[in-house]
There are 2 protein chains.
Amino acid sequence: MNATPRWLDPEQQAAWDSFIRMQEKLIGRLARRVQADSRMSPSDYIVLAKLTEAGGRMRFMDLTKLVEWEKSRMSHQVARMAKRGLVRKEDCPDDGRGAFVVATPAGREAIEEAAPVHVEHVRRLFVEALTQEELDTLARISDRVLAHLETQPD
Amino acid sequence: MNATPRWLDPEQQAAWDSFIRMQEKLIGRLARRVQADSRMSPSDYIVLAKLTEAGGRMRFMDLTKLVEWEKSRMSHQVARMAKRGLVRKEDCPDDGRGAFVVATPAGREAIEEAAPVHVEHVRRLFVEALTQEELDTLARISDRVLAHLETQPD
DNA sequence: ACCGAGTGGTTGACGTGTCATCCAACCTAG
DNA sequence: CTAGGTTGGATGACACGTCAACCACTCGGT
């Protein structure tokens, strides 16, 4: 009767369960590590990483799009990071609304110290769990899902 | 010099990036959908799902372990859900410290309405992006990472 | 009978993410 | 030049997760 059945079949369900579980544990563990190692939140880490990678100075909205966040999230995040001295905001002379986000020396230092440690955890917890072939396969699958998501509404 | 190099090589990095991006977008989208469709948070959904699946009445700590959460998180969550009438707490006669978590009729109704919709989104956004073979592969890879995580400290 | 360790669960403070709303500056058509 | 839409960004209220501390009860040994 129903063109699309109500539940997933067991193999599909198993794949979904494994993926969800893995993803939660892995991300959770990396988040706790970055916190413990560097006194930064994962969000701090990403923002500083992308920002310094781009030269340490970027327009607010460009940064927001780069990390694919909502602007409100970035606004709060930058405010908090500014309070902690990791970044600083500057006005944009060309556009009266605009703002620059600039990594402070403390911010640069923080990310330079944190990055290798973080990479080491990614390697230890994720990369070393899999062969290069499996990594490639996972990348391919991830890209497929990503591409599929863009074809789907909402 | 360095036994383990400082950075990931490009293929490893690409796999990690794709995975992270996919996982964020997919999870984020499903979270927004469950919110919009059912007025429940993803956490509400999981708790109610596992609870009713187990008969609708469970010891607090059993539920906590079942969903693999920290007890503090579950405590807050159950308190919020109780406030919204999805769930109710009862004392345990056998153990003076213990508590039962019980799904209310409203809670049962909420999950029964939300579940098929949610499954449909999982199917649409995830399952249908991949072949059954790819799903199996992803499950295998996920299980490998999970197994690896358990061998690693912290 | 007691004491100490462990278990079950709560609490409060804090950082974070989302949503809706707002505002100011920009841009373009008329 | 001006009205209306759009973009850049801030803000406040709220739900959520984590951490550390805490309390109350149970249980095993002495």
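So you know, we letter chains A, B, ... as the sequences are listed, proteins then strands, and number each from 1.
Residue A:Gln77 places at least one side-chain N or O under 4.0 Å from the OP1 or OP2 atom of C:dG17. Contact annotation: B:Arg32 does not reach the phosphate of C:dG17 (side-chain N/O to OP1 or OP2, under 4.0 Å). Close to D:dC16, at under 4.0 Å from its OP1 or OP2, lies a side-chain N or O of B:Ser41.
Atom CE of B:Met58 is separated from atom C1' of C:dG8 by 16 Å (rounded to the nearest Å). Whole-Å rounding puts the B:Trp69 CH2 to D:dC19 C1' distance at 17 Å. To the nearest angstrom, C1' of C:dT18 lies 12 Å from CZ of A:Arg80. Rounded to whole Å, atom P of D:dG17 lies 20 Å from atom CZ of A:Arg29. Atom CE of B:Met81 is separated from atom C1' of D:dC16 by 13 Å (rounded to the nearest Å). As rounded to whole Å, 16 Å separates atom P of C:dG8 from atom CG of B:Asp91. Protein atom CE of B:Met40 is 22 Å distant from nucleotide atom P of D:dC14, rounded to whole Å. The separation between B:Glu70 atom CD and C:dG8 atom P is 16 Å, rounded to whole Å.
A distance of 6.5 Å separates CG of B:Leu138 from CE of A:Met22, quoted to the nearest 0.5 Å.
Listed candidates were C:dG15, D:dA15, C:dT18. Nearest to the side chain of B:Arg84 is D:dA15.
Residues passing the ring pair (Phe, Tyr, Trp, His ring centres under 6.0 Å) test with A:His76, sequence neighbours excluded: none. Annotation: ring pair (Phe, Tyr, Trp, His ring centres under 6.0 Å) contacts of A:Tyr45 (sequence neighbours excluded): A:His118.
Residue contacts for A:Thr64: at a heavy-atom cut-off of 4.0 Å it reaches no nucleic acid atom on any strand shown. Residue B:Gln35 is out of contact with every strand shown, counting any heavy-atom pair closer than 4.0 Å.
Counting only distance, with no hydrogens or angles, the side chain of B:Thr52 and the backbone of B:Ala49 share a donor-acceptor pair below 3.5 Å. Between the side chain of B:Glu134 and the main chain of B:Thr131, a donor-acceptor pair closer than 3.5 Å is present.
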Its contact letters, B for base, S for sugar-phosphate only and - for none at protein heavy atoms under 4.0 Å, make nucleotides 6-13 of chain D read -BBBBBBB

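Counted by atom type alone, B:His121 and A:Asp154 present zero donor-acceptor pairs between their side chains at under 3.5 Å.
A:Asp44 has its side chain within reach of A:Gln77: a pair of non-hydrogen atoms, C-beta onward, lies under 4.5 Å apart.
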